[in-house]
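See below for the structure under consideration.
Values below: every heavy atom of this structure, side chains too, minus hydrogens, waters and symmetry copies. Remember, it's a predicted structure, so these values are computed and weren't measured experimentally. All residue numbers in this chain count up from 1 along the given sequence.
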Amino acid sequence: MSENSCMIEKNKANAVRGKVTMVVGQIAEVGLAGQERPGLYEVLTAVAEPSVKLEVFFQTGETVSALILSDQAKLYRGMEIVGTGSTLRIPVGGELLGRVINLFGLAEDGDGEIKTQKTSQIYQKPPLISEIAGRIEVLETGIKAIDFLVPFVKGGKTGFIGGAGVGKTVLLTELIHNITVRHQGVSIFAGVGERVREGQELFRMLSGSKVMDRTVMILGQMQENAAIRFRVALAAAAIAEYFRDEEKKEVLFFVDNMFRFVQAGNEVSTLLGMVPSEQAYQATLQTEVSGLEDRLVSTGDGSITSVQTVYVPSDELTDAGVNTIMSFFDTAVVLSRAVAQMGVYPAIDIGQSSSSSLLKNLIGEEHYGILTRFQQSLERYNKLSHIVAIVGESELSVEDRLIYNRVRKVINYFSQPFFTSERQTGRKGVYVETKDTVADVKAILDGAYDNMLPEKFLYIGSMKETK
């Protein structure tokens with residue numbers, strides 16, 4: 001949502017009164033009685049059915065149009081409606097840790113009612129520029145390709161970007177496993193348009209890893225209406241802000257999937273009759289994405305490190321929605337279908353992925369030097385690949401053949417068995433420290449493993465395993 005679209009909380013609970021006059025799809029019209037008028041985005045409910053939740057988005061005269069956030073089957077013409085005097089609020093606090101909830105803070109894990117003392121509005125203004133912390137620190141993930149090629153920034157934003165079936169969710173799940181096990185703060189997972197199966201699998205994985213007790217999962221599942229799916233990410237941000245600002249915690253914030261957030265916003269925009277913009281996206285696309293992303297920052301009180309998956313429709317990275325989301329990332333990990341088809345996972349496109357933390361003073365002089373050397377060799381490798389594809393490797397000079405094989409070995413070395421896919425692959429997951437990855441890449445480029453076939457580098461941990 002836009003920064004200027006923040007809802008004004010009003011101290012006049014139940015002062016707004018009216019009756020439902022019409023229901024069309026996910027829009028309800030309410031005829032008002034009396035002089036009181038609801039605020040923008042104020043939540044209205046029903047006298048006879050407290051579970052009914054309508055969110056005001058337009059008002060003209062004595063008629064209010066509202067988005068239906070609850071079961072629309074419970075609405076009927078003439079139903080008495082009252083105002084709550086507030087925006088949509090989400091429970092916050094330590095009581096949420098270890099639980100799975102929906103947009104309204106109700107338990108989805110079958111583990112009983114969640115009782116919290118505090119709530120927070122889902123629409124909040126981002127921190128002022130003067131409140132945002134400027135310290136930059138690299139966050140180790142234990143995933144070789146990421147730590148070496150595109151290091152994460154603590155308190156920054158990282159995106160896993162790719163089409164269907166290239167491993168975005170698997171990579172995100174592995175990252176959650178690796179970081180939360182070693183992370184002493186709290187983790188928030190927002191499932192925007194999440195499949196039920198994906199939510200269940202993640203919950204079981206986090207529970208099995210003994211980190212669910214420091215995690216909150218909030219889900220807006222695929223079958224729910226667009227208004228709910230759109231607001232789940234905003235509600236998750238409110239929970240993260242509470243832990244950052246009130247409890248001074250370091251927060252890991254995961255979103256799967258940001259493109260579904262944009263899609264849900266587009267559906268809501270269509271419902272509201274707004275004129276579309278570029279590539280049929282909503283005209284408010286930029287403000288909606290920034291309204292979420294600008295809240296996910298670090299302050300003097302605590303940090304929010306955000307990791308988000310981004311589905312790329314038709315593998316088209318120039319899509320307006322994808323580009324808008326990517327513009328907010330510090331680190332962009334682009335996943336390639338061509339690499340995935342070769343059976344190499346994580347299927348990272350080395351050429352298109354980027355990180356703002358690739359600075360000598362951040363990653364260290366040794367890492368920076370070896371990375372630069374690898375990038376230069378990779379450029380040569382890409383040119384040699386075209387020659388090899390046409391006339392074969394035997395036609396290369398001795399020097400070119402060495403470069404070609406060494407870079408190929410490094411690329412294979414960046415494949416890695418994951419903890420979260422052990423049952424599917426039969427390979428035991430590994431966590432590799434960055435210093436080991438840097439040392440291994442240097443050794444491969446130096447020729448220490450010239451006598452080994454490139455295939456031997458697939459799905460290993462560090463090179464210590466080969467000795």
> Per the side chain to side chain contact (heavy atoms under 4.5 Å, CB included) rule, which among Met258, Met326, Lys168 passes with Gln308?
Replying inline: Met258

> Heavy-atom count around Tyr459 OH within 6.0 Å, excluding the residue itself: above 12?
Replying inline: yes

>> For a 4.5 angstrom cut-off between non-hydrogen side-chain atoms, does Leu149 reach Val333?
In response: no

>> Taking side chain to side chain donor-acceptor pair (under 3.5 Å) as the definition, give me every residue that meets it alongside Arg204, ordered by chain and number, with sequence neighbours left out.
In response: none

> Does the ring center of Phe254 lie less than 6.0 Å from the ring center of Phe189?
Replying inline: no

>> Taking side-chain contact (heavy atoms from CB on, under 4.5 Å) as the definition, give me every residue that meets it alongside Ser356, ordered by chain and number, with sequence neighbours left out.
In response: Val153, Asp330

>> Which heavy atom of Ala283 sits nearest to which heavy atom of Ser277, and what is that distance?
In response: CA-CB, 3.8 Å

> Which pair of heavy atoms, one from Arg260 and one from Gly193, lies closest together, and at what distance?
Replying inline: NH1-O, 3.0 Å

> Looking only at side chains, do Glu95 and Thr116 share a donor and an acceptor under 3.5 Å apart?
Replying inline: no

>> Before you tell me yes or no, could you show the steps for Glu224 and Val232 under side chain to side chain contact (heavy atoms under 4.5 Å, CB included), namely the whole-Å CA-CA distance, both residues' side-chain angles and the distance that decides it to 0.1 Å?
In response: CA-CA 11 Å; Glu224 296 186 278; Val232 160; 5.8 Å; no

> Would you say Glu399 has more than 12 foreign heavy atoms packed within less than 6.0 Å of its CD?
Replying inline: no

> Checking side chain to side chain contact (heavy atoms under 4.5 Å, CB included) for the pair Val307/Leu252: CA distance, chi angles, key distance, verdict?
Replying inline: CA-CA 8 Å; Val307 183; Leu252 291 173; 6.0 Å; no

>> For a 4.5 angstrom cut-off between non-hydrogen side-chain atoms, does Ser187 reach Phe253?
In response: no

> Just by distance, with hydrogens left out, do Glu288 and Tyr281 show a side-chain donor and acceptor under 3.5 Å apart?
Replying inline: no

>> Distance alone, cut at 3.5 Å: any donor-acceptor contact between the side chains of Glu174 and Thr420?
In response: yes

>> Could you tell me if the side chain of Leu175 sits less than 4.5 Å from the side chain of Leu171, heavy atoms only?
In response: no

>> When you compare the side chains of Ser120 and Gln124, does any donor N or O come within less than 3.5 Å of an acceptor on the partner?
In response: yes

> Does Tyr311 have its ring centroid less than 6.0 Å away from the ring centroid of Phe259?
Replying inline: yes

>> With a sphere of 6.0 Å drawn around CD of Glu366, does it hold more than 12 non-hydrogen atoms of other residues, nucleotides or ligands?
In response: no

> Any donor and acceptor pair, going by atom type alone, linking the side chain of Asn323 with main-chain N or O of Thr318 inside 3.5 Å?
Replying inline: yes

> What distance do Thr180 atom OG1 and Ile176 atom CD1 have between them, rounded to the nearest 0.5 Å?
Replying inline: 7.0 Å

> Within the distance-only criterion (no hydrogens, no angle test), does the side chain of Ser353 pair as donor or acceptor with the backbone N or O of Ile350 below 3.5 angstrom?
Replying inline: no

> Rounded to the nearest 0.5 Å, what separation is found between the CZ atom of Phe419 and the CG atom of Asn178?
Replying inline: 6.0 Å

>> Main chain of Pro151, side chain of Ser355: is a donor-acceptor contact present, judged purely on distance under 3.5 Å?
In response: yes

>> Main chain of Val186, side chain of Arg214: is a donor-acceptor contact present, judged purely on distance under 3.5 Å?
In response: no

>> Quick one, Val262 with Ile325, criterion side chain to side chain contact (heavy atoms under 4.5 Å, CB included). Give me CA distance, side-chain angles, the key distance, then yes/no.
In response: CA-CA 9 Å; Val262 168; Ile325 300 167; 3.7 Å; yes

>> Quick test of your reading of the model: are Glu241 and Arg295 salt-bridged, counting only N-O distances below 4.0 Å?
In response: yes

>> Do Tyr431 and Arg182 have side chains that approach each other closer than 4.5 Å (heavy atoms only, starting at C-beta)?
In response: yes

> Where the side chain of Arg337 meets the backbone of Ala164, is there a donor-acceptor pair that is under 3.5 Å apart?
Replying inline: yes

> Do you know the tightest heavy-atom contact between Ala227 and Leu69?
Replying inline: CB-CD2, 3.6 Å

> Rounded to the nearest 0.5 Å, what separation is found between the CD atom of Gln376 and the CD1 atom of Ile403?
Replying inline: 10.5 Å

>> Would Asn412 and Glu455 count as a side chain to side chain contact (heavy atoms under 4.5 Å, CB included) here? Give the steps.
In response: CA-CA 7 Å; Asn412 285 354; Glu455 292 74 18; 5.6 Å; no

>> Any side-chain to backbone donor/acceptor pair from Lys248 onto Asp245? Under 3.5 Å, distance only.
In response: yes

> Regarding Glu267 and Gln26, is there a side-chain donor-to-acceptor distance under 3.5 Å anywhere?
Replying inline: no

>> Within the 3.5 Å criterion, strictly below it, is a donor on Ser269 or Gln282 matched to an acceptor on the partner's side chain?
In response: no

> Do you see a donor-acceptor pair shorter than 3.5 Å between the side chains of Ser51 and Lys74?
Replying inline: yes

>> Suppose we screen for side chain to side chain donor-acceptor pair (under 3.5 Å). Which residues come up paired with Thr215, at least two apart in sequence or across chains?
In response: none

> Looking at CG of Leu234 and OG1 of Thr87, how far apart are the two atoms once the value is rounded to the nearest 0.5 Å?
Replying inline: 11.0 Å

>> Just by distance, no angles: are the side chains of Asp440 and Ser462 close enough, under 3.5 Å, to form a donor-acceptor pair?
In response: no

>> Ignoring hydrogens and geometry beyond distance, is a side-chain donor-acceptor pair present between Arg231 and Tyr123 at under 3.5 Å?
In response: yes

> For Ile101, which of Asp109, Leu106, Ile218, Leu219 qualifies under side chain to side chain contact (heavy atoms under 4.5 Å, CB included)?
Replying inline: Ile218

>> Show the nearest heavy-atom pair for residues Val430 and Ile460, with the distance to one decimal.
In response: CG2-O, 4.4 Å

>> I'd like to check the side chain to side chain donor-acceptor pair (under 3.5 Å) partners of Ser377; sequence neighbours left out, ordered by chain and number.
In response: none

>> Test of understanding: with side chain to side chain donor-acceptor pair (under 3.5 Å), list the residues that count as partners of Asp446, not counting sequence neighbours.
In response: Arg373, Lys442

> Is it true that the side chains of Thr141 and Asp147 contain a donor and an acceptor less than 3.5 Å apart?
Replying inline: yes

>> Tell me the closest heavy-atom pair linking Ala320 and Leu285, and the distance in Å.
In response: O-CD2, 4.1 Å

> Does the cation-pi check pass for Lys409 over Tyr449, that is, NZ or CZ under 6.0 Å from the six-membered ring centre and within 45° of its axis?
Replying inline: no

> Can you tell me how far the CD1 atom of Ile228 sits from the OG atom of Ser70, to the nearest 0.5 Å?
Replying inline: 7.5 Å

Please tabulate, for side-chain N and O atoms in residues 386-398, each donor-acceptor pair with protein atoms closer than 3.5 Å (sequence neighbours left out).
{"unit_1": "Glu393", "atom_1": "OE2", "unit_2": "Asn405", "atom_2": "ND2", "d": "2.7"}
{"unit_1": "Ser397", "atom_1": "OG", "unit_2": "Asp400", "atom_2": "N", "d": "3.2"}
{"unit_1": "Ser397", "atom_1": "OG", "unit_2": "Asp400", "atom_2": "OD2", "d": "3.4"}

> With side chains defined as the heavy atoms from C-beta onward, is the minimum distance between Ser357 and Phe152 less than 4.5 Å?
Replying inline: no

> At what distance, to the nearest 0.5 angstrom, does CD1 of Ile146 lie from CD of Glu140?
Replying inline: 11.5 Å

> Taking all atoms of both residues into account, what is the closest heavy-atom pair of Ala237 and Leu292, and its distance?
Replying inline: CB-CD1, 3.8 Å

>> Ring-plane angle category for Phe148 and Phe374, please: parallel below 30°, perpendicular beyond 60°, tilted otherwise.
In response: perpendicular

> If only atom types and distance count, is the side chain of Lys144 paired as donor or acceptor with the main-chain N or O of Ser415 below 3.5 Å?
Replying inline: yes

